[in-house]
K.L.:
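Starting off with a structure, shown below.
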Protein chains: 2
Amino acid sequence: MTSPVESGGLHAPSLVQLATDSLRKAILAGEYAPGERLQEERLTERLGISRPPLREAMRVLENEGFIVTQPRRGSRVATLTAEDVREILTLRSALERLAFELGVPVRDPKVLEAPRQAVEEMEDCARREDRGGLVQAGYRFHLALVGIAEHRRLSEAYESIQRQQLLCMSRNLVVREAYYEDLEHHAARHRTLLESVEAGDRDAALAELAAHGEQSFASVALPPELYRSQFGKRD
Amino acid sequence: MTSPVESGGLHAPSLVQLATDSLRKAILAGEYAPGERLQEERLTERLGISRPPLREAMRVLENEGFIVTQPRRGSRVATLTAEDVREILTLRSALERLAFELGVPVRDPKVLEAPRQAVEEMEDCARREDRGGLVQAGYRFHLALVGIAEHRRLSEAYESIQRQQLLCMSRNLVVREAYYEDLEHHAARHRTLLESVEAGDRDAALAELAAHGEQSFASVALPPELYRSQFGKRD
DNA sequence: ATGTCGCTTATTGTAGACAGTAGTCGCAGA
DNA sequence: TCTGCGACTACTGTCTACAATAAGCGACAT
């Protein structure tokens with residue numbers, strides 16, 4: 001997701017960076033259950049580092065919403081309620097809309113290269129029925145699409161919320177399957193969205209985006225009872 | 001800004017929390033110049049703590065955008081370019097709009113108590129010509145207004161970007177003066193905005209908000225040359 | 001039998017010290 | 001005089017160790 005080399009410079013990644021990425025990946029992979037206690041000592045053993053860099057990494061993940069910390073009572077993997085899911089989806093959608101309002105029509109055609117490449121990857125993955133790759137490419141596509149606004153803070157906020165959406169999806173098998181029932185169609189919708197943006201038609205792009213959102217996670221995951229059973233309540 | 005007691009529980013604040021607040025306050029107060037190097041050793045002496053909690057605090061401030069860190073080359077106070085200011089203002093405005101779209105008309109009247117109280121404080125401060133208090137109250141008012149959406153992630157994102165706007169303002173004397181040329185009028189505009197929200201008229205509130213923004217920081221700080229001279233370029 | 005007090009243990013919060021790297025200054029050679 | 005190399009300095013990155021607090025458990029008193 002985040003490149004190992006942060007923004008240009010070429011440096012050996014610090015243990016904090018490595019620990020952050022590793023932990024985030026593990027949580028997204030479901031290796032730690034929601035609400036599970038994250039004890040520093042255990043994690044240092046697992047990662048082979050000492051506590052200070054681990055603690056800094058956990059601070060970062062706390063800011064990103066992956067873990068919650070109570071002073072002197074340790075940290076736990078974030079537990080997502082239905083309410084949290086609603087928050088994530090609405091905020092993500094709003095940030096995407098803002099990106100279009102600011103960035104469409106595009107001034108500098110260069111910014112279109114990234115989403116173009118990503119959508120081609122998506123189509124590749126769809127043909128090969130590579131579901132995992134499609135998720136990755138889709139992630140990059142949306143991030144690149146927001147990038148056309150050339151708005152660093154917006155992109156960062158978007159990436160943060162998008163990661164949290166991955167967390168939702170990783171915990172919701174029903175949605176994960178339904179979301180990708182037709183891989184080709186899925187990729188095609190993204191292609192259409194990109195074409196609207198390329199055409200510089202903001203309204204069309206926004207409409208496409210709205211339809212896009214409707215068909216995706218938000219509407220598939222309808223029944224509230226299901227949410228509660230899958231995500232549980234916050235302690 | 002942030003209450004010393006984090007969200008309900010009553011615990012002695014950790015040194016990390018104290019250091020974070022203290023450093024943020026110092027940066028906002030202009031005690032550290034933009035681009036100034038923040039050396040860990042010096043800061044530990046000043047704050048009377050050791051490096052681990054300080055480093056965790058700096059991680060937090062880095063996430064919040066107050067400082068930038070280059071690996072093995074230390075941290076510096078964030079330098080804001082005109083582009084940064086544009087980002088902050090557009091994002092802040094968009095988040096406020098989203099809050100209204102989600103939260104107006106209000107479902108639970110209780111959420112109106114906080115903005116009501118804040119606007120009264122503003123009017124108090126305006127009458128007493130307490131400019132500092134007015135800034136504080138205005139900060140709380142807008143935060144409380146976003147709070148009506150009852151959307152935790154939105155509120156957090158908003159507070160973060162609002163803090164950064166404070167950083168802009170603290171570095172721009174011209175704007176700071178112009179912004180508050182007529183204290184009473186300033187408070188009155190906020191009262192009007194609140195009334196639109198209370199009436200449950202989303203469109204009116206959004207329109208009011210747009211006008212509100214127009215008259216504030218964004219439009220006052222017009223000349224781009226001035227920005228550059230005041231904020232400098234990013235290194 | 002139940003509630004409370006105190007101890008024990010595990011875990012977090014903090015401190016201080018060590019290691020490694022980047023920047024800087026000086027010197028030598030061309 | 002200028003350029004390149006090398007040592008020095010100062011800082012960040014990391015580790016180990018200590019202190020303090022909270023939860024768990026048992027014993028005692030009521």
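All values below come from the heavy atoms of this structure, side chains included, with hydrogens, waters and symmetry mates left out. Chain A is the first sequence line, chain B the second, and so forth, proteins listed ahead of strands; every chain is numbered from 1.
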K.L.:
Looking at every non-hydrogen atom in both residues, tell me the closest pair between A/G35 and A/R76 and how far apart they are.
P.N.:
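Closest approach of A/G35 to A/R76: O-NH1, 2.8 Å.
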K.L.:
Identify whether the distance between the nearest side-chain nitrogen and carboxylate oxygen of B/R42 and B/E45 falls below 4.0 Å.
P.N.:
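So B/R42 does not pair with B/E45 through a salt bridge.
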K.L.:
How many whole angstroms separate atom CD of A/E41 from atom P of D/dC15?
P.N.:
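For the pair A/E41 CD and D/dC15 P, the rounded distance is 13 Å.
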K.L.:
Return the nearest nucleotide to the side chain of B/I49; candidates are C/dT12, C/dA15, D/dG13.
P.N.:
C/dA15
K.L.:
Within this structure, what is the CD-to-P distance between A/E56 and C/dT14, rounded to whole angstrom?
P.N.:
13 Å
K.L.:
What's the closest nucleotide to the side chain of B/P52 if the choices are D/dT16, C/dA15, C/dT12?
P.N.:
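Nearest listed nucleotide: C/dA15.
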K.L.:
With a 4.5 Å cut-off on side-chain heavy atoms, are A/C168 and A/L80 touching?
P.N.:
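Sidechains of A/C168 and A/L80: in contact.
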K.L.:
Rounded off to whole Å, could you give me the CD-to-P distance for the B/E45 and C/dA15 pair?
P.N.:
14 Å
K.L.:
Between A/L91 and B/L95, is there a side-chain heavy-atom distance shorter than 4.5 Å?
P.N.:
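Yes - at least one pair of side-chain heavy atoms lies under 4.5 Å apart.
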K.L.:
Just the rounded figure in Å: distance from P of C/dT12 to CD of B/Q17.
P.N.:
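Computing the B/Q17:CD to C/dT12:P distance gives 18 Å.
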K.L.:
Please determine whether a side-chain nitrogen of the Lys or Arg among B/E56 and B/R59 lies less than 4.0 Å from a carboxylate oxygen of the Asp or Glu.
P.N.:
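No.
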K.L.:
List, with names and distances, any nitrogen or oxygen atoms from the protein found under 3.5 Å away from nitrogen or oxygen atoms belonging to nucleotides 17-24 of chain C.
P.N.:
unit_1: C/dG23; atom_1: OP1; unit_2: B/R73; atom_2: NE; d: 2.8
unit_1: C/dG23; atom_1: OP1; unit_2: B/R73; atom_2: NH2; d: 3.3

K.L.:
So does A/E40 pair up with A/R55, basic N to acidic O under 4.0 Å?
P.N.:
yes
K.L.:
With respect to the phosphate group of C/dT11, does any side-chain polar atom (N or O) of A/R42 fall under 4.0 Å of OP1 or OP2?
P.N.:
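Yes, within the criterion.
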K.L.:
Atom CG of A/L47 to atom C1' of D/dT14: distance rounded to whole Å?
P.N.:
15 Å
K.L.:
Give A/L38 one of three labels, base, sugar-phosphate or nothing, depending on what nucleic acid heavy atoms sit under 4.0 Å from its own.
P.N.:
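Touches sugar-phosphate only.
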K.L.:
From the list D/dT14, C/dA15, D/dG13, which nucleotide is the closest neighbour of the side chain of B/E40?
P.N.:
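For the B/E40 side chain, the nearest candidate turns out to be D/dG13.
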K.L.:
Could you give the CG-to-C1' distance, from A/L15 to D/dG13, as a whole number of Å?
P.N.:
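Answer to the nearest Å: 8 Å.
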K.L.:
Report all side-chain donor-acceptor pairs from residues 107-118 of chain A shorter than 3.5 Å, counting only partners two or more places apart or in another chain.
P.N.:
unit_1: A/D108; atom_1: OD1; unit_2: A/K110; atom_2: N; d: 3.1
unit_1: A/R116; atom_1: NE; unit_2: A/E198; atom_2: OE2; d: 2.4
unit_1: A/R116; atom_1: NH2; unit_2: A/E198; atom_2: OE2; d: 3.1

K.L.:
Report the distance from atom CZ of A/R76 to atom C1' of C/dT11, rounded to the nearest whole Å.
P.N.:
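Answer to the nearest Å: 13 Å.
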K.L.:
Rounded to the nearest Å, what distance is computed from the CG atom of residue B/L54 to the C1' atom of nucleotide C/dA15?
P.N.:
13 Å
